[in-house]
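Have a look at the structure below, then the notes.
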Amino acid sequence: MISQGFAILLPHLRRAFFVLFVTTGLTLLTLKRTDEPSVACSEVNAGPDAYRVLVIGESWASEGKVFPELPRAVSVRLGGKGVAACSVGFNGRNSRLLYTELREKYPRYKLYSLFEGKTPHKVVIMNGVNDEIQHVGAGAYVEYTKKLVDYFSDVEDVEVIAIPRVNERWFKPPNLFSRMKRNILRCVYDGCSFQVNDVYRVALWRDYPDMNVMEFDNFIDKFEGHEEYYKFDGVHLTDEWLHKYGKFIGSAMSLSAKVTARK
């Protein structure tokens, strides 16, 4: 009798579990962070005609920890010219959320107000780490990286940094919901693979070979063997290495011929 009742209920239970799984998955996919972006500015050799650098990105761009080394390195390259640099960092955002929240919370006029309303000479985009560890798919990473670049179409020089090397395989999401979301997306978009950095990088190069991209590997070429550069989570650099990263960016980023001619 009991077995017959269970047999009758089984199809309904399967349907209920399926609905619960789908509903939970959709809820997880739509969860968004609500914390505000972090804004920081630094100026070296101040002057009325300073070279203006705007850094936009995720947590690596937060709290101004690439300053003052970044503007200092640029100033050296420009023969001591004044350099004003500002960063706006959106913690935990993948490229789609970064693009969306940038437009909502920091439209261009508000960004440029950081430079007294003047358009920056250079925009550096730090994105992709959250795309890979959240497994949003190479297509989404490429699409929204291009949108971020196009968003600054009025800026003479826009450069994207290739996705940094982080601990993809052993990264531990902060909570159960994040872990569930990551595992769902990992199998939906990335063939259940944990390590997708190179897949995403190749997709960007394939679709936009002319995009101005700075090679992160010239700074740190892999996570393994360099664990001491990172915090315990294996995803964020220590403060010491973020400052070194700022110097690297300032030394490696492209400078237009027009700018170098004016130095």
Side-chain angles (χ1 to χ4, degrees), residues 37-38 51-62 65-67 69-71 73-74 77 85-103 106 108 111-112 119-166 168 196-222 235-237 242 245-257 259:
S38 166
Y51 182 70
R52 299 180 293 277
V53 181
L54 175 62
V55 178
I56 298 292
E58 44 199 23
S59 57
W60 287 42
S62 293
K65 291 181 180 178
V66 293
F67 300 150
E69 288 80 5
L70 191 156
V74 176
R77 294 175 64 191
C86 290
S87 64
V88 182
F90 294 79
N91 292 348
R93 273 64 161 189
N94 56 49
S95 296
R96 178 180 63 82
L97 292 178
L98 175 57
Y99 173 72
T100 301
E101 294 191 40
L102 184 65
R103 296 180 66 191
Y106 261 88
R108 282 191 297 267
L111 287 171
Y112 299 173
T119 303
H121 296 98
K122 173 84 179 186
V123 170
V124 176
I125 297 174
M126 296 181 182
N127 69 314
V129 171
N130 286 305
D131 295 69
E132 66 171 322
I133 65 174
Q134 294 175 14
H135 293 280
V136 302
Y141 164 67
V142 170
E143 176 185 356
Y144 284 96
T145 297
K146 183 62 164 60
K147 286 185 176 182
L148 283 165
V149 171
D150 290 345
Y151 186 65
F152 294 102
S153 58
D154 57 334
V155 176
E156 179 183 356
D157 191 1
V158 181
E159 189 166 9
V160 174
I161 302 178
I163 305 177
R165 301 298 183 183
V166 299
E168 296 176 81
V196 297
N197 185 297
D198 288 321
V199 175
Y200 286 30
R201 285 182 173 205
V202 169
L204 183 64
W205 174 82
R206 179 196 63 218
D207 292 353
Y208 298 104
D210 296 327
M211 185 176 288
N212 187 12
V213 178
M214 183 189 305
E215 182 49 72
F216 180 84
D217 287 4
N218 292 330
F219 180 58
I220 301 173
D221 61 352
K222 59 182 179 179
V235 170
H236 298 92
L237 291 176
L242 274 172
Y245 188 41
K247 182 178 181 180
F248 165 76
I249 295 170
S251 300
M253 74 184 201
S254 62
L255 296 174
S256 71
V259 171

Minimum side-chain heavy-atom gap Ile161-Phe219 below 4.5 Å: no
Cation-pi geometry met for Arg108 and Phe152 (6.0 Å, 45°): no
Heavy-atom check, side chain of Lys146 versus side chain of Asp207, under 4.5 Å: no
Candidate pair Leu102 and Phe90, rule side-chain contact (heavy atoms from CB on, under 4.5 Å), full reasoning: CA-CA 8 Å; Leu102 184 65; Phe90 294 79; 4.0 Å; yes
Exercise: identify the closest heavy-atom pair between Tyr200 and Gly137: OH-N, 2.8 Å
Criterion side-chain contact (heavy atoms from CB on, under 4.5 Å) on Ser254 and Lys122, from CA distance to verdict: CA-CA 9 Å; Ser254 62; Lys122 173 84 179 186; 2.7 Å; yes
Ser87 and Lys65: side chain donor to acceptor below 3.5 Å: no
Closest approach of Arg93 to Leu98 (non-hydrogen atoms, all atoms of both residues): CB-N, 3.9 Å
With sequence neighbours excluded, residues passing side-chain hydrogen bond (donor to acceptor under 3.5 Å, both in side chains) with Tyr99: Arg103
For the student: nearest non-hydrogen atoms of Asn130 and Gly92, plus distance: ND2-C, 3.4 Å
Qualifying residue for side-chain contact (heavy atoms from CB on, under 4.5 Å) with Val158, from Leu148, Asp150, Ile56, Ile125: Ile125
Intermediate values then yes/no, side-chain contact (heavy atoms from CB on, under 4.5 Å), Val66 and Met126: CA-CA 12 Å; Val66 293; Met126 296 181 182; 4.1 Å; yes
All pairs passing salt bridge (Lys or Arg N to Asp or Glu O under 4.0 Å) where residues 209-219 contributes a residue, at least two apart: Arg165-Asp217, Arg201-Glu215, Arg201-Asp217
Distance, nearest 0.5 Å, that separates NZ of Lys222 from CD1 of Ile220: 12.5 Å
Gap between atom CD of Glu132 and atom CD1 of Ile163 - 0.5 Å precision: 5.5 Å
Residue Lys247 excluded, over 12 heavy atoms near NZ under 6.0 Å: no
Point-to-point distance, once rounded to the nearest 0.5 Å, from CG of Leu242 to CD of Glu69: 10.0 Å
Distance in Å, Thr100 OG1 paired with Asn94 CG, rounded so as to fall on 0.5 Å steps: 8.5 Å
Side chains of Ser38 and Asn91, donor plus acceptor under 3.5 Å: no
Spatial distance of atom CE (Met253) from atom CE (Met214) [nearest 0.5 Å]: 7.0 Å
Non-hydrogen side-chain atoms of Tyr141 and Val199 separated by less than 4.5 Å: no
Full working for side-chain contact (heavy atoms from CB on, under 4.5 Å) between Tyr144 and Asp131: CA-CA 10 Å; Tyr144 284 96; Asp131 295 69; 6.0 Å; no
From CG (Leu255) to OH (Tyr51), nearest 0.5 Å: 5.0 Å
Arg77 side-chain N/O to Gly250 backbone N/O, donor-acceptor pair under 3.5 Å: yes
Asp154 to Tyr151 - nearest heavy-atom pair and separation: OD1-O, 4.4 Å
Nearest heavy atoms of His236 and Ser59, plus distance in Å: NE2-OG, 2.9 Å
Centroid-centroid distance, Phe216 to Tyr245, less than 6.0 Å: yes
Closest approach of Val55 to Ala61 (non-hydrogen atoms, all atoms of both residues): CG1-CB, 4.1 Å
Test item: Val136 and Arg96 side chains (from C-beta on) under 4.5 Å apart, heavy atoms: no
